[in-house]
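Working notes, beginning with the structure itself.
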Amino acid sequence: MIATTQLIQTKPGTVPSTGAAGGLLQRQCDCGNHTMSGECGECSKKKGLLQRQAAVGVESTEVPPIVRMPGHDFSRVHAHAEMSAQNRDASEEEEGTESPVRTRAQLPGSEEQDQRPTGNEVAPGHEAIPANIKGGTAPTCPTKATVDTVTNKDADGVKYRTGMGAVTTIKVDPDTQNWDGTNIVESFPKGVTSNCPKEFGITPCNGSSTFIVGASRNSPVFGTLPATKNRFYDFHETRWKGGSLLHDRNPGGIDSCTISCEQNYSCGGKVIGKPIITRTFTKAKVGTVDVTNVNVAKA
């Protein structure tokens with residue numbers, strides 16, 4: 001605070017209230033009054049109050065006189081800061097929001113053996129280590145993998161006009177042991193039998209997925225598939241959003257055709273299963289929409 005000094009002249013023959021003779025050196029207080037000390041009693045009280053409030057962390061709501069002196073209107077300052085905070089939050093929320101996943105038009109024949117369905121393919125934590133190898137003496141791999149169930153789904157004519165395909169549940173043996181957590185690797189030996197038009201342009205028999213026995217899986221087509229002891233899930237989905245194979249890529253005008261191939265399941269480098277996958281493509285309609293259904297048989 002800067003004190004302003006002013007010399008007060010007294011009239012001849014008068015005596016100042018302090019009893020001192022002659023001119024008195026007075027100082028101007030922040031509020032405009034002149035005092036000997038430079039601060040009037042009222043301002044001194046307010047200053048003391050502010051200091052006590054600051055000491056206990058209390059925010060004063062009274063506007064100091066110095067703020068009123070410039071004559072400016074600061075009423076919009078708080079509102080502007082609040083608006084800025086609101087705009088910042090909206091911007092951060094927008095930036096942090098994931099944009100919707102754009103479904104790409106899948107080319108026909110994309111084998112979903114190695115697809116990445118939504119969700120994690122993780123075995124239950126307490127079964128991460130196969131129960132059969134905890135003792136260190138039992139075999140580390142099952143000796144057999146066979147087809148347990150096959151679930152097919154037809155084209156819906158909206159999301160896909162060719163497809164959908166199937167999900168198969170594969171069982172590993174011997175069932176007397178718990179193989180959950182064991183890795184099973186797939187492969188496709190050369191050799192595909194097909195009487196479908198070459199214009200299909202598909203190669204459905206390929207993939208190199210690793211399956212986890214006893215793991216749940218999530219699929220955008222088949223939903224959530226629960227973890228089941230000594231079983232794993234394998235998808236065989238040939239689907240196309242852009243058209244119907246037997247209507248759009250079928251110069252001969254045939255109504256159906258098949259593609260077959262062998263699939264191998266291995267554990268520890270040893271083949272434990274050799275199922276044959278047969279896809280049957282058939283012309284169909286969903287309402288007035290031409291579709292091609294793909295039925296999968298596996299044994």
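Sequential numbering from 1 along the given sequence is applied to the chain's residues. Just so you know, these numbers come straight off a predicted model, no measurement behind them.
- Under the 3.5 Å distance criterion, with hydrogens and angles disregarded, no donor-acceptor pair is assigned to the side chains of H247 and K283.
- In this structure, C196 SG and I254 CD1 are separated by 6.0 Å, a value rounded to the nearest 0.5 Å.
- Under the 4.5 Å side-chain criterion, counting only non-hydrogen atoms from C-beta, D173 is not in contact with P142.
- The neighbour count for K285 NZ, taken as heavy atoms of other residues, nucleotides or ligands under 6.0 Å away, is above 12.
- Cluster membership for I170 and V150, using ILVMFWY side-chain heavy atoms within less than 4.5 angstrom, is shared.
- Residues Y233 and F222 form no side-chain contact, since every pair of their non-hydrogen atoms from C-beta on lies 4.5 Å or further apart.
- The cationic atom of R249 (NZ for Lys, CZ for Arg) lies less than 6.0 Å from the six-membered ring centre of W240 and within 45° of the ring axis.
- In this model, a donor atom of one side chain and an acceptor atom of the other lie less than 3.5 Å apart for R279 and T238.
- Using a 30° and 60° split on the angle between ring planes, Y265 and F211 fall in the perpendicular class, above 60°.
- Under 3.5 Å, the side chains of N230 and Q177 contain no donor-acceptor pair of N or O atoms.
- By the 4.5 Å heavy-atom criterion applied to side chains, M164 and V221 are counted as neighbours.
- Side-chain contact of T258 with T278: a donor-acceptor pair under 3.5 Å is absent, judged by distance alone.
- For the atom pair K171 NZ and F232 CZ, the distance stands at 12.0 Å (nearest 0.5 Å).
- For the atom pair K298 NZ and T168 OG1, the distance stands at 3.5 Å (nearest 0.5 Å).
- With rounding to the nearest 0.5 Å, the separation of CZ in R217 from OG1 in T169 is 11.0 Å.
- Proximity of I212 to T182: side-chain heavy atoms (C-beta onward) are nowhere separated by under 4.5 Å.
- The residues D180 and K229 are annotated as not salt-bridged, no charged nitrogen and carboxylate oxygen being separated by less than 4.0 angstrom.
- Closest of all the heavy-atom pairs between V291 and S244 is C-OG, 3.2 Å.
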Inset, instruction - Apply the test side chain to side chain donor-acceptor pair (under 3.5 Å) to residues T224 and N218: give CA-CA distance (whole Å), side-chain angles for both, the deciding distance (0.1 Å), then the verdict. - result: CA-CA 4 Å; T224 301; N218 295 321; 3.1 Å; yes
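- Residue W179 is grouped with residue I184 when hydrophobic side chains (ILVMFWY) are merged at heavy-atom distances under 4.5 angstrom, including chains of intermediate members.
- Taking each heavy atom of E237 and S219 in turn, the nearest pair found is OE2-OG, 3.8 Å.
- Counting only heavy atoms from C-beta outward, the side chains of K153 and T151 never approach each other to under 4.5 Å.
- Heavy-atom minimum distance, P197 versus N250: CG-OD1, 3.7 Å.
- In terms of modelled atom types and a separation under 3.5 Å, the side chain of N152 and the main chain of V296 share a donor-acceptor contact.
- In this structure, the side chains of C257 and S194 stay at 4.5 Å or more apart for every pair of heavy atoms.
- For the residue pair V192 and C205, the shortest heavy atom distance occurs at CG2-CB, 4.1 Å.
- For the pair E186 (side chain) and S209 (backbone), a donor-acceptor distance under 3.5 Å is present.
- Linking Ile, Leu, Val, Met, Phe, Trp and Tyr residues whenever their side-chain heavy atoms come within less than 4.5 Å leaves Y160 and V286 in two separate clusters.
- Here the CG atom belonging to L245 is positioned 6.0 Å from the CD1 atom belonging to I202, to the nearest 0.5 angstrom.
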Inset, instruction - Would you check, one step at a time, whether the test ring pair (Phe, Tyr, Trp, His ring centres under 6.0 Å) holds for F200 with F281? - result: CA-CA 11 Å; F200 272 19; F281 298 79; 5.5 Å; yes
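- Closest heavy-atom contact between N264 and P189: ND2-CG, 3.4 Å.
- Of all heavy-atom pairs between R161 and G242, the closest is NH1-O, 4.0 Å.
- For the pair Q263/H236, a side-chain contact is recorded, criterion being any heavy-atom separation below 4.5 Å from C-beta on.
- Judged by distance alone, with hydrogens and angles left aside, the side-chain atoms of T162 form a donor-acceptor pair with the main-chain N or O of G243 at under 3.5 Å.
- Proximity of S208 to V185: side-chain heavy atoms (C-beta onward) are nowhere separated by under 4.5 Å.
- To the nearest 0.5 Å, atoms SG (C261) and NZ (K190) are separated by 13.0 Å.
- Within the 3.5 Å criterion, the main-chain N or O of C141 finds no donor-acceptor partner in the side chain of T143.
- Using a 4.0 Å cut-off between a side-chain N of Lys or Arg and a carboxylate O of Asp or Glu, R231 and D148 qualify as a salt bridge.
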